[in-house]
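Below you'll find the structure, written out as structure tokens, and then a few comments.
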Amino acid sequence: MRLEQLQSFLSVAETGSFQQAARKCGVTQSTISRQVQGLEEELGLPLFHRTAQAKLTIGGERFWPYARKICQTWDSAKEELASLLMGKQPELCVAAIHSVCSSYLPPVLQKFCYAYPEVQLRVTSLGSDRALKVLKDGLVDIAIIMNNRSFTASAELLVDILYQEPIEVLMASNHPLTQYSQVPWDELTRYPQVVFKDGYGMQRLVQEKFTQAGAKLNAVLELNTLDGFRGVIRQGELIALLPYSALLEARTDPTLAVRGLAPLPFANSKPFIASSTPSMLIPADGDTTWTREVVIVTTPDRMQIPPIAYFWQLVHESLPDQLDGSIDSLNPQTPLLK
């Protein structure tokens, strides 16, 4: 059974004539007759009385509402997809890591809402693992996460690098480690740490670095909000290893201090140059000793939808304007967004 057979049947039923149905459909009368006959053969009974006026048989009368419903459903489906391709979708869902949501996304969200006021924008802060999972499950359209190539290296995903940023140490303003501009590794391992919960890329990165260095991570508390990190850290000797973008508010908080990390003991020895940014040490080849990579992820089919493609473009266009130059200085010769 083909759709054009159903459409021919409905046209004959509505006009009462094979000739008029052919004129309405823009085909020959023999084509209409052939399609109706094929439908009758498949159903096993006649659908019309072939008299001066084509009238429905009892079988045709029973079949007519089903044929109409099928064709109406098809028309609705085409309209739905056409609207989708025109950007008329009810909502756009984004999952992003906390630091991006709090620091760099607000101007992007404002521009998107202005361009697509009829699209409900929904943004959720999630850890990288969870954000990527809900994207793969089809629950969100775009994810902005800390990159883990073992998870994102898939032909089913479209991945663009947004930026790389250094990992730094957050501590109370009166913490003993404030004496260092770059915290040595042996000093770092002496203090208990606050870390992200399971499912967050930063927790995995910190644990991996300690394991590579042959050191034990003394993680005494797990949290999942930046406010929680700041509130706990300012109370005493606890410290946290966090990315640059997660520390923007902490830099202006007099109860907190941020320090860079000295080259890690397992890193290759490279000549270093000074950075214009306080508490940052940049190797001469442009690579930091300890960084994380932030990426934007979607699926290739979603990029055919105008609001999703526009949001993707906005992130690429707007993000550099929000960076104060400190992250860009990681490699001045290389474009931040690829």
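Since this is a predicted model, take the numbers as computed values, not measurements. Reckoned from all heavy atoms, side chains included, excluding hydrogens, waters and symmetry mates.
Within the 3.5 Å criterion, the main-chain N or O of Thr255 finds no donor-acceptor partner in the side chain of Arg234. At distances below 3.5 Å, at least one donor-acceptor pair connects side-chain atoms of Thr73 with backbone N or O atoms of Lys69. Side-chain atoms of Arg292 never come within 3.5 Å of backbone atoms of Ile167 as a donor-acceptor pair (strictly under, hydrogens ignored). A side-chain donor-acceptor contact under 3.5 Å links Ser102 to the backbone of His98.
Checking Ser30 against Ser33 by side-chain atom types alone, no donor-acceptor pair falls below 3.5 Å. For the 3.5 Å distance criterion, the side chains of Asn218 and Gln193 fail to qualify, holding no donor opposite an acceptor. Of the N and O atoms on the side chains of Asp227 and Thr225, not one donor lies less than 3.5 Å from an acceptor on the other residue. Defined by atom type and a distance below 3.5 Å, a donor-acceptor pair is missing between the side-chain atoms of Arg130 and Thr124. Glu317 and Gln313 share a donor-acceptor pair across their side chains, judged by distance under 3.5 Å alone. Side chains of Glu293 and Gln164: a donor-acceptor N/O pair is present below 3.5 angstrom, by distance only.
Salt-bridge formation is not detected for the pair Lys197/Glu222: no Lys NZ or Arg NE/NH1/NH2 atom is positioned less than 4.0 Å from an Asp or Glu carboxylate oxygen. Classification of Arg204 and Asp129 as a salt-bridged pair holds, one side-chain N sitting under 4.0 Å from a carboxylate O.
Annotation: Glu156, atom CD; neighbour count of heavy atoms from other residues, nucleotides and ligands within 6.0 Å does not exceed 12. At most 12 heavy atoms of other shown residues, nucleotides or ligands fall within 6.0 angstrom of atom CD in Gln110.
Hydrophobic clustering of Ile, Leu, Val, Met, Phe, Trp and Tyr side chains at less than 4.5 Å, counting indirect connections, keeps Leu3 apart from Val36.
Close placement of the Phe210 and Trp185 rings is indicated, their centers lying within 6.0 Å of each other.
Residue Leu10 holds its CG atom at 12.0 Å from CD of Gln5, rounded to the nearest 0.5 Å. Glu40 contributes atom CD, which lies 7.5 Å from atom OG1 of Thr57 (distance to the nearest 0.5 angstrom). A distance of 15.0 Å separates CZ of Arg50 from NZ of Lys55, quoted to the nearest 0.5 Å. Remark: Asp253 CG to Leu247 CG distance equals 11.5 Å, nearest 0.5 Å. Between atom CZ of residue Phe229 and atom CD of residue Glu249 there is a gap of 14.0 Å, rounded to the nearest 0.5 Å. Of the inter-residue distances, the one linking Thr152 atom OG1 with Ile296 atom CD1 reads 13.5 Å to the nearest 0.5 angstrom.
Counting only heavy atoms from C-beta outward, the side chains of Val294 and Glu165 approach each other to under 4.5 Å. Between Cys71 and Leu6 there is a side-chain heavy-atom pair separated by less than 4.5 Å. Annotation: side chain of His316 is in contact with side chain of Leu162 (closest heavy-atom distance under 4.5 Å). Annotation: side chain of Arg122 is not in contact with side chain of Leu92 (no heavy-atom distance under 4.5 Å). The shortest side-chain heavy-atom distance between Glu168 and Leu261 does not fall under the 4.5 Å cut-off. The shortest side-chain heavy-atom distance between Ile239 and His175 falls under the 4.5 Å cut-off. Annotation: side chain of Leu226 is in contact with side chain of Phe196 (closest heavy-atom distance under 4.5 Å). At a threshold of 4.5 Å between non-hydrogen side-chain atoms, the residues Gln19 and Arg23 count as touching.
Of all non-hydrogen atoms in Glu187 and Leu177, the two that sit nearest each other are CB-CD2, 3.8 Å. Closest approach of Leu56 and Ala13 over heavy atoms only: CD2-CB, 4.1 Å. Nearest approach of Val169 to Gly260, heavy atoms of both residues: CG2-O, 4.3 Å. For the residue pair Ser245 and Ser103, the shortest heavy atom distance occurs at O-OG, 3.1 Å. Heavy atoms only, all atoms of each residue included: Gly59 and Leu45 are closest at CA-CD1, 3.7 Å. Ala131 and Ala95 make their closest contact through CB-CB, 3.8 Å (heavy atoms, listed as atom of the first residue, atom of the second, distance).
Legend: ring-ring contact (aromatic ring centres under 6.0 Å, His included) pairs involving residues 52-77, not counting sequence neighbours, sorted by first then second residue: Phe9-Phe63.
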Fill in: Intermediate values then yes/no, side chain to side chain contact (heavy atoms under 4.5 Å, CB included), Tyr191 and Glu237
CA-CA 7 Å; Tyr191 293 92; Glu237 69 169 358; 4.3 Å; yes
Discussion item. Using side-chain hydrogen bond (donor to acceptor under 3.5 Å, both in side chains), reason through Ser8 and Ser11 one step at a time and then give a plain yes or no.
Written reply: CA-CA 5 Å; Ser8 295; Ser11 294; over 6 Å; no
Fill in: side chain to side chain contact (heavy atoms under 4.5 Å, CB included) evaluation trace for Ser173 with Leu256
CA-CA 4 Å; Ser173 59; Leu256 296 170; 5.9 Å; no
Practice prompt. In sequence, state the C-alpha distance, the side-chain angles, and the governing distance for Leu121 and Leu109, and then conclude on side chain to side chain contact (heavy atoms under 4.5 Å, CB included).
Written response: CA-CA 8 Å; Leu121 184 59; Leu109 305 182; 3.6 Å; yes
Worksheet item: How far apart are the C-alpha atoms of Thr298 and Met303, what are their side-chain angles, what is the distance that settles it, and do they pass the side chain to side chain contact (heavy atoms under 4.5 Å, CB included) test?
Response: CA-CA 8 Å; Thr298 189; Met303 286 298 284; 3.7 Å; yes
Residues 132-146 side chain polar contacts: donor-acceptor under 3.5 Å, at least two apart:
| residue | atom | partner | partner atom | Å |
| --- | --- | --- | --- | --- |
| Lys133 | NZ | Asp137 | OD2 | 2.6 |
| Asp141 | OD1 | Arg302 | NE | 3.3 |
| Asp141 | OD2 | Cys93 | N | 2.9 |

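Taking the six-membered ring where tryptophan is involved, the planes of Tyr104 and Tyr163 are perpendicular, since the angle between them exceeds 60° and thus also 30°.
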